[in-house]
Every structure is written in structure tokens, then in C-alpha cells.
Amino acid sequence: MRTTVTLIFIVLFKFVFGINPEIANNLNTAANVRYLSSLEKEVIYEINLLRSNPTKYANNYIVPLTKNYKSRMLYYPGDKPLKTQEGVRALQECVHILYQTQSLSLVYPSRGLTKAAEDHVKDQSKSGKTGHRGSDGSDMNQRIERYGKWQIRIAENIAYGGISARQIVIYLLIDDGIRDRGHRKNFLNPDYKTIGVATGSHPGYKSMWVMDFAGLFTED
């Protein structure tokens, strides 16, 4: 039986953060994983928050940004203005897609996928390059297959710059300037059940974020 204090805490948590703490705990699939930093755990939590209820995520975190566009400049709270290619249209398209997307399964952290993501962060934090190709010529498949075997499908999202896990997820969801909206599709693909996340510094953009997805992954 719950105590009065516990019930008060739940009410306050729901009022302040807009989510039941019991649900929040379920979404925090990386909570007890030691090989991830707190920021990397936040990325996984944010992706699960999105996947658990795409419509609510759109209403709470993306729709409010509509008023932050001035022509093609997006003024994200707390960050310097971002010059977009498409302006608010890409955001509106994103919201439309999220409204049509049903709840998706959560993603769970994988040590092997995390190692693959870490390899790319370590590489580009030194080289200053961007993109999915490593300095050694490796692609996403090769980096992931260093650490095990994947099934169903794999994908990789990379972002540069950014001040928070939520901002990075939102920017990749909007996917401004990306014709096939590949980053958004990766976030919303029901096939993905496992994820590896690595964050680090980048000489050109200060920070970088790598997310490697797989349907299933078995470490060697």
C-alpha cells in the first residue's frame, strides 16, 4: 500500500514533468548500465519517451518550437540560432508524421553497439571529420560487426553540436535538409529493439552524438 508521501510525490512529478514516475522508470531502460555516461543514458531515455507516445512527444516538445522560427532561423531555447534549410515546414511535416505514428517498442542498451558508436566518436574527435565513414575507411556495418552479430536491420544516427539529449533528438526528428528523413525514420522504426550510444567532443562542433540501432544484437 502506498504511503501518503509517495502519492504526493507522484502527483507533484506528474504536475511538473507531465509524466508518471512509474512510466518514467519503465522508459529508463539504461538506468542501471554502468558503461554509459549520464548523458548517454539521457539519449536512450529521450528516444524511449518519443517511441512510447509519438503524439504526446510532438505536442509537448516539438509543436511549441513553431513560434521559435523567424524565417529560416530556429531559436532553440538556450542555444545559438540555427539556420535551417526548410524553415518551419520541416517541423510541421514532422509533427504530422508523429500524429500518425502509434506507440513503438522501447529500445534497450547494447554493450557491443555502444562500442561501435564509441569507435566513431573517438575517431572523429581526433580527425574533426563528419559523416558515417571512419578515418580507416570503415562504415557503420563494419564498426558494428567488430563486436558481434546483428539481425533484422541496423542503422546509425549522428549529430554534431547541441546542448542536450532532447535537443539532439528533436533536431534529428525534424531532419531539416535531409531528403529521405533517414534520422527520423530510424527513431520511428518498430524493428529496432537495441541501441548503442556514445557522446564526445568534436573539434569543429564542440560535441558529437552517435546512436547505433539494431533489431537484435549478439555480442561475440
Side-chain angles (χ1 to χ4, degrees), residues 23-37 39-58 62 93-94 97-124 131-134 136-159 165-166 168-175 178-200 208-220:
I23 296 175
N25 287 337
N26 291 335
L27 300 180
N28 197 8
T29 57
N32 298 318
V33 175
R34 295 184 177 181
Y35 56 79
L36 292 170
S37 70
L39 184 56
E40 290 159 356
K41 292 179 182 182
E42 286 178 26
V43 173
I44 295 177
Y45 174 82
E46 197 68 25
I47 293 171
N48 282 333
L49 186 63
L50 160 69
R51 287 170 68 93
S52 66
N53 194 329
T55 295
K56 186 175 182 180
Y57 194 90
I62 300 182
E93 177 198 288
C94 175
I97 294 297
L98 292 182
Y99 281 171
Q100 295 179 324
T101 304
Q102 300 298 314
S103 295
L104 303 164
S105 59
L106 304 184
V107 292
Y108 290 80
S110 159
R111 184 69 179 101
L113 292 176
T114 298
K115 288 179 179 178
E118 287 174 346
D119 283 354
H120 205 44
V121 170
K122 290 176 182 177
D123 177 16
Q124 293 194 340
H132 296 273
R133 182 71 60 178
D136 59 358
S138 64
D139 58 19
M140 168 192 67
N141 294 59
Q142 292 168 318
R143 289 191 294 273
I144 289 175
E145 290 171 358
R146 290 170 185 165
Y147 301 104
K149 297 178 177 62
W150 58 271
Q151 297 180 48
I152 305 174
R153 65 177 70 245
I154 54 175
E156 185 172 73
N157 280 359
I158 304 177
R166 175 159 297 164
I168 288 301
V169 169
I170 288 174
Y171 278 7
L172 291 174
L173 265 177
I174 295 173
D175 234 3
I178 306 300
R179 182 174 296 180
D180 67 355
R181 309 299 193 207
H183 302 107
R184 181 193 302 165
K185 290 176 181 177
N186 290 339
F187 280 148
L188 301 179
N189 193 316
D191 288 341
Y192 295 130
K193 304 293 193 300
T194 58
I195 187 172
V197 176
T199 62
M208 66 176 293
W209 318 60
V210 178
M211 292 145 264
D212 285 338
F213 299 86
L216 295 172
F217 188 82
T218 305
E219 293 185 43
D220 287 339

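Position 1 is the first residue of the sequence, and the numbers go up from there.
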Nearest 0.5 Å, please: how far is [atom2] in [Y] from [atom1] in [X]?
X	Y	atom1	atom2	result
Asn26	Ser52	CG	OG	10.0 Å
Asn48	Tyr108	CG	OH	7.5 Å
Ile97	Thr55	CD1	OG1	11.5 Å
Ile178	Leu172	CD1	CG	9.0 Å
Arg181	Glu93	CZ	CD	4.0 Å
Ile154	Glu145	CD1	CD	6.0 Å

In this structure, are over 12 heavy atoms from other groups packed under 6.0 Å from Gln102 atom CD?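 Atom CD in Gln102 is not crowded, with 12 or fewer foreign heavy atoms closer than 6.0 Å.
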
Would one find more than 12 heavy atoms of other residues, nucleotides or ligands at under 6.0 Å from atom CG of Asp136?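 Yes - once you tally the heavy atoms of other residues, nucleotides and ligands closer than 6.0 Å, there are more than 12.
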
Side-chain contact test, heavy atoms from C-beta onward, threshold under 4.5 Å: evaluate it for [X] versus [Y] and give yes or no.
X	Y	result
Asn189	Phe213	no
Tyr147	Ser110	no
Met211	Phe187	yes
Leu50	Leu98	yes
Leu39	Trp209	yes

Provide the closest heavy-atom pair for [X] versus [Y] in the form atom of the first, atom of the second, distance.
X	Y	answer
Leu36	Val197	CD2-O, 3.6 Å
Ile158	Gly131	CD1-O, 3.5 Å
Gln124	Met208	OE1-CE, 3.3 Å
Gln151	Thr218	NE2-OG1, 4.5 Å
Leu27	Tyr45	CB-CE1, 3.7 Å
Arg111	Glu118	NH1-OE1, 3.8 Å

Are the side chain of [X] and the backbone N or O of [Y] linked by a donor-acceptor pair below 3.5 Å?
X	Y	result
Glu219	Gly112	yes
Lys193	Ser105	no
Thr29	Val107	yes
Asp175	His183	yes
Gln142	Asp139	yes

Have a look at Glu46 and tell me which of Arg166, Lys41, Arg51 forms a side-chain hydrogen bond (donor to acceptor under 3.5 Å, both in side chains) with it.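 Among Arg166, Lys41, Arg51, the one meeting side-chain hydrogen bond (donor to acceptor under 3.5 Å, both in side chains) with Glu46 is Arg166.
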
For the pair Arg143 and Asp119, find out whether any cationic side-chain nitrogen is under 4.0 Å from an anionic carboxylate oxygen.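 Judged by the 4.0 Å cut-off on N to carboxylate O distance, Arg143 and Asp119 do not form a salt bridge.
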
Among Ile195, Thr199, Val33, find the residue that satisfies the side chain to side chain contact (heavy atoms under 4.5 Å, CB included) test when tested with Glu40.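 Among Ile195, Thr199, Val33, the one meeting side chain to side chain contact (heavy atoms under 4.5 Å, CB included) with Glu40 is Thr199.
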
Test of understanding: with side-chain contact (heavy atoms from CB on, under 4.5 Å), list the residues that count as partners of Ala117, not counting sequence neighbours.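 Only Ala198, Val210, Asp212 meet the side-chain contact (heavy atoms from CB on, under 4.5 Å) criterion with Ala117.
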
